[in-house]
Asks: 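A single structure is presented below for examination.
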Protein chains: 2
Amino acid sequence: MKGIRRLAKHLNISIGTVSRALNGKPDVNEETRKRVLAAAVELGYEPNQAGRSLRKGSTGAVGLMIESSPETAANSDNFFLGLIDGLQSVLSRQSLDLLVLPCPSEEDPNDYLQRMVARQLVDAMILSATQHRDPRIALLSGADIPFVTMGRAGFGDSHAWIDLDFEGVANRAIDRLVGQSHRRIAVAVPPTDVNLGSIFLDGYKTALRRHGLPFDPDLVIYAKTTEQGGYVAGDQLLGLSERPTAILLVYELMAIGLYRRLSEAQLRVGKDMAVIGFRESPRSRFLSPRLTCFRMSLHELGGSLAESLLAVMPQFQAQYPLGAVHMIWPMELVEGESDGPPGG
Amino acid sequence: MKGIRRLAKHLNISIGTVSRALNGKPDVNEETRKRVLAAAVELGYEPNQAGRSLRKGSTGAVGLMIESSPETAANSDNFFLGLIDGLQSVLSRQSLDLLVLPCPSEEDPNDYLQRMVARQLVDAMILSATQHRDPRIALLSGADIPFVTMGRAGFGDSHAWIDLDFEGVANRAIDRLVGQSHRRIAVAVPPTDVNLGSIFLDGYKTALRRHGLPFDPDLVIYAKTTEQGGYVAGDQLLGLSERPTAILLVYELMAIGLYRRLSEAQLRVGKDMAVIGFRESPRSRFLSPRLTCFRMSLHELGGSLAESLLAVMPQFQAQYPLGAVHMIWPMELVEGESDGPPGG
DNA sequence: CTGAAAGCGCTTACAG
DNA sequence: CTGAAAGCGCTTACAG
């Protein structure tokens with residue numbers, strides 16, 4: 001005999017009463033409850049999740065879907081680990097467990113998510129790596145699973161999301177560079193359909209316009225978000241007839257290749273070419289000169305994501321009356337030595 | 001009506017036959033099976049995991065326990081993401097899903113694991129961040145959950161494990177440095193009880209002995225595995241009465257602080273002080289001069305971990321007759337510019 | 001080859 | 001306040 005039945009037998013009461021006592025139902029004699037709780041500890045009882053889920057139709061767990069592809073691995077640095085800790089700090093207050101669901105790189109993300117949802121091992125989902133047209137959003141909406149996405153999609157505000165402040169960063173980076181008298185400023189964005197690329201580019205254009213600077217399509221460099229991509233971006237930069245004096249990068253991994261290419265051309269980062277990166281990461285601290293970039297708290301971002309998820313879960317809406325959150329996450333400038341006035 | 005009952009109703013057969021057809025049991029008419037499979041696709045049927053787990057007592061999922069503490073996040077770089085992709089490449093062949101279980105930093109790892117095991121959401125576990133005396137090993141052994149650990153523990157070979165080749169790396173690093181005529185070589189290890197520290201130190205001592213070099217306790221620097229720790233290690237190095245000409249680091253994060261401290265003291269890395277790191281990571285490529293270190297394939301390591309786990313799972317032992325694997329994972333030297341003969 | 005039935009461990013109306 | 005019973009969705013001996 002095992003499980004709740006064993007406990008009931010041991011205490012000589014019914015399994016119903018044991019269950020009610022364990023679950024904090026009000027209609028249980030306090031004396032009985034104490035005995036049950038003590039026996040549970042004594043016998044090391046833990047509720048079987050399968051039995052509970054089957055009966056209740058909910059799991060007490062929340063899923064975070066990530067991609068385990070080599071590209072994601074290379075670019076995410078400590079992003080997910082930091083996020084996870086923040087998520088849990090909030091979820092644990094509701095006794096919700098976080099399950100990280102890594103989509104294998106060979107599997108279609110939409111198929112994978114469908115499988116995980118059908119398995120019913122979580123009550124709600126957090127999606128990352130949101131695409132501009134992301135079929136997963138329709139999937140979850142249709143299946144009536146509460147969810148929030150890390151990153152905007154192109155569907156406007158039909159669901160809850162939090163996204164990094166790509167526009168704000170592009171704006172402030174341009175402000176800073178223009179303040180340092182730069183007039184020709186390049187920007188490096190990924191060549192793929194990923195949403196952040198176009199958002200970053202829009203912010204860049206807006207900021208130029210605000211300063212009365214012309215937009216030159218030649219200064220938009222489409223490059224892979226890798227070290228090699230940064231090297232190639234450097235190549236393109238140097239090949240331009242009228243060379244820019246500054247460049248904005250949307251991924252810090254590109255900075256290594258760019259630094260190397262510039263150094264080969266005898267150009268000093270921060271003096272002959274100003275470089276500003278996007279997110280400060282442990283990695284960017286390895287660069288010399290140190291990269292000027294933007295800081296954010298992954299822990300707090302995770303916490304906000306968790307709260308915005310709770311706000312769309314029926315069981316928790318009363319406690320988190322936020323509605324469907326649409327939030328741009330602010331980022332703070334970190335001054336490095338990688339930028340400065342043109343010509344040093 | 002939903003689930004298997006809906007399918008059965010739709011096809012006008014019993015739920016038992018539907019289940020048998022879906023699960024590939026041999027005693028089903030081929031014609032019936034085809035109809036069931038077609039209907040399953042048509043109606044978008046996916047088995048409910050709770051029902052299945054409850055009945056079968058197994059889940060078809062494997063858990064990877066990681067720590068989400070800020071320290072782990074800072075030091076792991078792409079370690080887990082890379083590992084995960086390798087794990088899945090093997091697990092998916094057995095239709096096993098991987099669930100990543102992140103232990104919150106506020107929770108005791110042993111309590112967390114106990115909770116996850118009791119929930120019965122996975123059939124087997126992979127543990128990381130193994131301690132020298134790790135109570136989780138006794139917990140899983142006692143609960144009769146198949147598991148493998150990433151990292152040795154102090155219990156010898158009572159369970160399956162794979163660990164990085166700390167001894168080999170220390171040995172080859174010393175060989176290389178001695179070959180470059182270094183005689184006084186320091187080593188930086190973490191001040192905590194983590195197993196890799198003492199293993200690395202043992203390898204270092206063995207290698208010195210092999211070259212007839214004396215072991216000087218002053219040359220063992222206990223430092224935090226952080227940027228700040230590297231800076232402090234540099235301080236200690238410079239403060240030694242007879243300054244060493246080379247140093248081995250067990251975490252590359254320390255290299256930033258060390259580089260900075262050496263630069264402040266007008267010492268050139270690779271010329272005035274040779275530095276060799278442990279694992280090559282995307283980060284170490286950000287350093288200049290580039291760090292000499294050791295390379296491994298996270299994807300292959302993940303694959304081997306998965307195979308060694310399958311080998312201890314009763315359902316898969318026949319296919320993976322490896323027994324309980326105890327494997328030291330080889331690493332390959334990557335020459336950087338951070339070491340060389342003393343004095344340049 | 002198929003159907004009817006039992007039962008995995010739990011929660012929750014329902015009666016008392 | 002407690003017990004007896006139903007049932008969540010599935011798999012699997014057992015009969016036929």
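In what follows, chains are A, B, ... by sequence order, proteins preceding strands, each numbered from 1.
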Asks: When you check the phosphate oxygens OP1 and OP2 of dT12(D), does a side-chain N or O of Lys25(B) lie under 4.0 Å from one of them?
Replies: yes
Asks: What I'd like to find out is whether the side chain of Leu310(B) reaches to under 4.5 Å of the side chain of Leu322(B), using heavy atoms alone.
Replies: no
Asks: Is it true that Asp27(B) and Lys25(B) have a side-chain N and a carboxylate O under 4.0 angstrom from each other?
Replies: no
Asks: Between atom CG in Leu7(B) and atom P in dC10(D), what is the gap in whole Å?
Replies: 9 Å
Asks: Tell me: CG of Asn12(B) to P of dC1(C), nearest whole Å?
Replies: 20 Å
Asks: Looking only at side-chain atoms of Thr17(A), point me to the closest of dC1(D), dG3(D), dG9(D).
Replies: dG3(D)
Asks: Looking at dA4(D), which nucleotide sits across from it as a Watson-Crick or G-U wobble partner, both distances under 3.5 angstrom, or is there none?
Replies: none
Asks: So which nucleotide does dA13(C) pair with, by the Watson-Crick or G-U wobble rule with both distances under 3.5 Å?
Replies: none
Asks: Which nucleotide in the list dT11(D), dG3(C), dG9(D) gets nearest to the side chain of Ser14(B)?
Replies: dG3(C)
Asks: Could you check how far CD1 of Ile4(A) sits from P of dG3(D), rounded to whole Å?
Replies: 12 Å
Asks: Taking only the side-chain heavy atoms of Thr32(A) (C-beta and beyond), determine which of dC10(C), dC1(D), dG3(D) contains the nearest atom.
Replies: dC1(D)
Asks: Map Ala50(B) and Asp27(B) onto DNA chain D by nearest heavy atom, then report which one ends up closer to the 5' terminus.
Replies: Ala50(B)
Asks: Give a yes or no on whether the backbone of Leu81(A) and the side-chain of Asn78(A) come within a donor-acceptor separation of less than 3.5 Å.
Replies: no
Asks: Test for a donor-acceptor pair under 3.5 Å between the base of dG9(D) and the side chain of Arg55(A), counting only N and O atoms.
Replies: no
Asks: Starting at the 5' end of DNA chain D, which residue's closest nucleotide do you reach first, Glu46(B) or Ile15(A)?
Replies: Ile15(A)
Asks: Between dC10(D), dT11(D), dT2(C), which nucleotide has the shortest distance from any of its atoms to the side chain of Asn48(B)?
Replies: dC10(D)
Asks: If each of Lys2(A) and Gly16(A) is mapped to the nucleotide of DNA chain C with the nearest heavy atom, which maps nearer the 5' terminus, i.e. the 5' end?
Replies: Lys2(A)
Asks: Just the rounded figure in Å: distance from P of dG9(D) to CG of Leu22(B).
Replies: 16 Å
Asks: Nearest to the side chain of Arg52(B), which nucleotide is it out of dG3(D), dT11(D), dC1(C)?
Replies: dT11(D)
Asks: For Gly3(B), answer base if it contacts any base atom (sugar-phosphate contacts may also be present), sugar-phosphate if it contacts only those atoms, and nothing otherwise; contact means non-hydrogen atoms under 4.0 Å.
Replies: sugar-phosphate
Asks: Could you tell me whether the side chain of Arg20(B) has a donor or acceptor atom within less than 3.5 Å of a complementary atom in the base of dG3(C)?
Replies: yes
Asks: Nearest-Å distance, CZ (Arg5(B)) to C1' (dT11(D))?
Replies: 12 Å
Asks: Rounded to the nearest Å, what distance is computed from the CD1 atom of residue Ile13(B) to the P atom of nucleotide dC10(D)?
Replies: 14 Å
Asks: Using the six-membered ring wherever Trp is involved, compare the ring planes of His326(B) and Trp161(B) and label them parallel, tilted or perpendicular (cut-offs 30° and 60°).
Replies: tilted
Asks: What is the distance, to the nearest angstrom, from the CG atom on Asp123(A) to the P atom on dC8(D)?
Replies: 19 Å
Asks: How far apart are the closest heavy atoms of Gln114(A) and Leu139(A), and which atoms are they?
Replies: N-CD2, 3.7 Å
Asks: Provide, to the nearest angstrom, the distance between the CG atom belonging to Leu54(A) and the P atom belonging to dG7(C).
Replies: 17 Å
Asks: Please say whether more than 12 non-hydrogen atoms of neighbouring residues, nucleotides or ligands are located less than 6.0 Å from CZ in Arg6(B).
Replies: no
